[in-house]
Amino acid sequence: MNILIYGAGTIGCTYGWQLAEAGHDVSILVREGKKQSIEENGINIHCADYRGGQKRIENIVFRPKVIEVLSSENNYEYIIVSVGCDNLKSVLPILSESAGKAHILFFQNMWNDFDEIAKYLSSDQYFFGFPFMVGGGRDEKGLNAIISDSKYSKTMLGEANGETTPRIQKIAKAMESAGLKPFISNQIITWLIPHFAFIAGFSAGVIKAGGTMKAFTANSEIIKEAIRSVREGFLVCSKSGINPKMEKVNKLYYLPLWISVPVVKKIFGNEAMCLMFDGYLKHSNNEIKKMLEDILEDGKMYNIEMPYLKRLQKSVMGSTK
């Protein structure tokens with residue numbers, strides 16, 4: 001399978017590396033001026049892989065094919081778009097002009113971006129997913145990746161209309177061959193939008209707690225605040241026609257706090273989950289700010305009071321990360 005990763009961050013490169021290891025033809029689109037350096041030196045990836053129930057550390061140099069300019073003549077079968085939601089608008093015109101016949105997988109946080117995507121692409125060009133198997137960040141030495149083995153960690157995939165199409169089945173098979181636990185959802189939009197509210201609320205909570213998941217899971221009061229902020233985001237989802245309760249995983253955040261707080265501590269106290277969140281937060285302050293702004297703006301449109309999310313937003317706005 002011929003795949004282009006659009007977005008050379010930790011998640012995109014780690015998925016690309018794993019797919020290449022499974023025998024797929026993987027290329028990476030990088031910023032102008034980066035091609036020669038990556039071709040000469042590769043991409044350093046330090047990976048903590050928890051699959052199989054044991055932590056395995058790998059230090060590798062990933063050497064994918066590299067391009068700086070996307071052209072319809074490249075003839076990719078799939079383009080996996082893995083960029084921050086704050087960068088999506090800049091990507092869409094390029095895809096519109098240069099994606100060719102590729103199937104485009106939007107592999108990122110999504111809120112109210114669907115109409116914007118439809119301005120540039122026809123519905124048969126793209127589908128959706130989320131890389132919930134992989135997390136991490138980067139430092140001066142390269143990428144720091146975490147591959148989770150949590151029962152909650154999957155590679156989400158789905159068509160907007162809920163159909164299980166041949167292109168979904170094919171990319172799922174590729175993800176399966178790479179050990180990336182694909183899950184084909186028949187309601188991917190209903191999964192993505194509440195997940196956005198969850199990521200925004202919990203990320204803001206972690207930042208308020210000091211910037212690490214360990215500090216967050218040790219602070220019951222901030223966990224309560226984060227859960228309440230997620231509920232506020234879920235109310236916005238409901239007003240927009242998306243019912244978070246249709247996804248089983250979201251029901252945790254509707255439970256009484258004396259039940260949900262200990263469960264959150266157990267789930268997110270997992271070592272791999274802590275590392276995934278911590279790595280993400282080190283380099284995603286702008287994305288988190290945008291996520292909070294998007295939810296609050298829509299909440300205002302529906303006349304929803306959102307005191308907990310607003311309070312957490314102040315912590316994020318005051319963060320210098």
Side-chain angles (χ1 to χ4, degrees), residues 81 83-92 95 104-132 152 154 156-163 168 183-205 225-255 260 264 284 286-314 316-317:
V81 179
V83 300
C85 64
D86 51 327
N87 293 314
L88 180 61
K89 285 187 178 181
S90 65
V91 167
L92 293 173
L95 292 172
I104 302 166
L105 167 57
F106 288 104
F107 211 43
Q108 59 193 99
N109 291 308
M110 304 287 290
W111 180 251
N112 53 9
D113 308 287
F114 304 98
D115 289 344
E116 189 70 17
I117 292 171
K119 292 178 185 177
Y120 291 92
L121 302 168
S122 62
S123 59
D124 61 349
Q125 285 183 278
Y126 60 89
F127 59 107
F128 300 100
F130 194 84
F132 209 43
Y152 304 100
K154 299 178 177 69
M156 300 297 297
L157 299 167
E159 297 280 0
N161 63 8
E163 292 182 8
I168 283 278
F183 180 87
I184 299 174
S185 171
N186 63 3
Q187 51 180 22
I188 191 67
I189 308 301
T190 301
W191 189 93
L192 282 169
I193 294 178
H195 183 76
F196 186 104
F198 153 72
I199 288 289
F202 267 52
S203 295
E225 194 172 356
I227 291 172
R228 288 180 170 123
S229 74
V230 171
R231 289 175 182 172
E232 291 173 345
F234 282 178
L235 182 56
V236 179
C237 296
S238 297
K239 290 290 186 180
S240 71
I242 299 293
N243 182 3
K245 291 181 181 179
M246 289 182 67
E247 282 290 342
K248 183 179 179 181
V249 67
N250 295 329
K251 294 180 180 179
L252 166 64
Y253 306 106
Y254 289 102
L255 294 173
S260 59
V264 164
S284 302
N286 288 336
E287 181 176 29
I288 294 162
K289 287 178 180 177
K290 182 185 184 301
M291 293 170 78
L292 293 167
E293 288 168 2
D294 286 350
I295 297 169
L296 288 167
E297 185 176 334
D298 282 6
K300 188 185 298 183
M301 180 175 65
Y302 293 117
N303 296 314
I304 298 171
E305 293 294 325
M306 308 183 76
Y308 293 102
L309 205 61
K310 286 180 180 177
R311 193 181 306 160
L312 288 177
Q313 185 191 36
K314 291 180 180 179
V316 175
M317 297 304 290

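None of these values were measured; they are calculated from a predicted model.
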**Message:** For K154, give me all partners under salt bridge (charged side-chain N to carboxylate O under 4.0 Å, His left out), at least two apart in sequence or on another chain.
**Reply:**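 With neighbours one apart ignored, the set is empty.
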
**Message:** Restricting to salt bridge (charged side-chain N to carboxylate O under 4.0 Å, His left out), what partner residues turn up for D294, sequence neighbours left out?
**Reply:** K290

**Item:** side chain to side chain donor-acceptor pair (under 3.5 Å) partners of residues 185-194, not counting sequence neighbours, each pair once
**Value:**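 Counting only pairs at least two positions apart or across chains, the side chain to side chain donor-acceptor pair (under 3.5 Å) contacts touching residues 185-194 are Q187-E247.
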
**Inter- and intrachain pairs under side chain to side chain donor-acceptor pair (under 3.5 Å), touching residues 121-130, at least two apart** =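 Every side chain to side chain donor-acceptor pair (under 3.5 Å) pair that includes a residue of residues 121-130, provided the two are not neighbours, is S122-D124, S122-Q125.
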
**Item:** Results of ring pair (Phe, Tyr, Trp, His ring centres under 6.0 Å) for Y120 - residues two or more places apart only
**Value:** none

For residues 85-92, dump all side-chain donor-acceptor pairs below 3.5 Å to protein atoms at least two apart in sequence or in another chain.
from: S90; atom 1: OG; to: N87; atom 2: O; distance (Å): 2.7

So do the side chains of [X] and [Y] get within less than 4.5 Å of each other, counting heavy atoms only?
| X | Y | result |
| --- | --- | --- |
| Q313 | E293 | yes |
| I193 | F114 | yes |
| F198 | N250 | no |

Taking all non-hydrogen atoms of both residues, which atom of [X] and which atom of [Y] are closest, and how far apart?
| X | Y | answer |
| --- | --- | --- |
| A197 | V230 | O-CG2, 4.0 Å |
| S229 | L312 | OG-CD1, 3.5 Å |
| N109 | H195 | OD1-CD2, 4.2 Å |
| M110 | I117 | CE-CD1, 3.4 Å |
| A200 | L292 | O-CD2, 3.8 Å |

**Request:** Please list all pairs passing the salt bridge (charged side-chain N to carboxylate O under 4.0 Å, His left out) test where one or both residues lie in residues 108-117, with sequence neighbours left out.
**Result:**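 Those involving residues 108-117 are E116-K119.
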
**Asked** Residues in side chain to side chain contact (heavy atoms under 4.5 Å, CB included) with I184, at least two apart?
**Response** T164, I168, A172

**Message:** Before you tell me yes or no, could you show the steps for Y253 and F202 under ring-ring contact (aromatic ring centres under 6.0 Å, His included), namely the whole-Å CA-CA distance, both residues' side-chain angles and the distance that decides it to 0.1 Å?
**Reply:** CA-CA 11 Å; Y253 306 106; F202 267 52; 5.6 Å; yes

**Item:** Results of side-chain hydrogen bond (donor to acceptor under 3.5 Å, both in side chains) for E225 - residues two or more places apart only
**Value:**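 Partners of E225 by the side-chain hydrogen bond (donor to acceptor under 3.5 Å, both in side chains) criterion, ordered by chain and then number, come out as K208.
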
**Asked** Which residues satisfy the side-chain hydrogen bond (donor to acceptor under 3.5 Å, both in side chains) test with K248, sequence neighbours excluded?
**Response** none

Rounded to the nearest 0.5 Å, how far does [atom2] of [Y] lie from [atom1] of [X]?
| X | Y | atom1 | atom2 | answer |
| --- | --- | --- | --- | --- |
| F106 | F127 | CZ | CZ | 10.5 Å |
| S203 | M291 | OG | CE | 6.5 Å |
| L255 | I227 | CG | CD1 | 9.0 Å |
| E287 | Q108 | CD | CD | 8.0 Å |
| L95 | L121 | CG | CG | 6.0 Å |

Donor-acceptor list for residues 297-310 side chains, cut-off 3.5 Å, not counting sequence neighbours:
from: D298; atom 1: OD2; to: W111; atom 2: NE1; distance (Å): 3.0

What donor-acceptor contacts under 3.5 angstrom involve side-chain atoms of residues 234-243, with partners at least two apart or in another chain?
from: S238; atom 1: OG; to: F234; atom 2: O; distance (Å): 3.1
from: S240; atom 1: OG; to: C237; atom 2: O; distance (Å): 2.7
from: N243; atom 1: OD1; to: K245; atom 2: N; distance (Å): 3.0

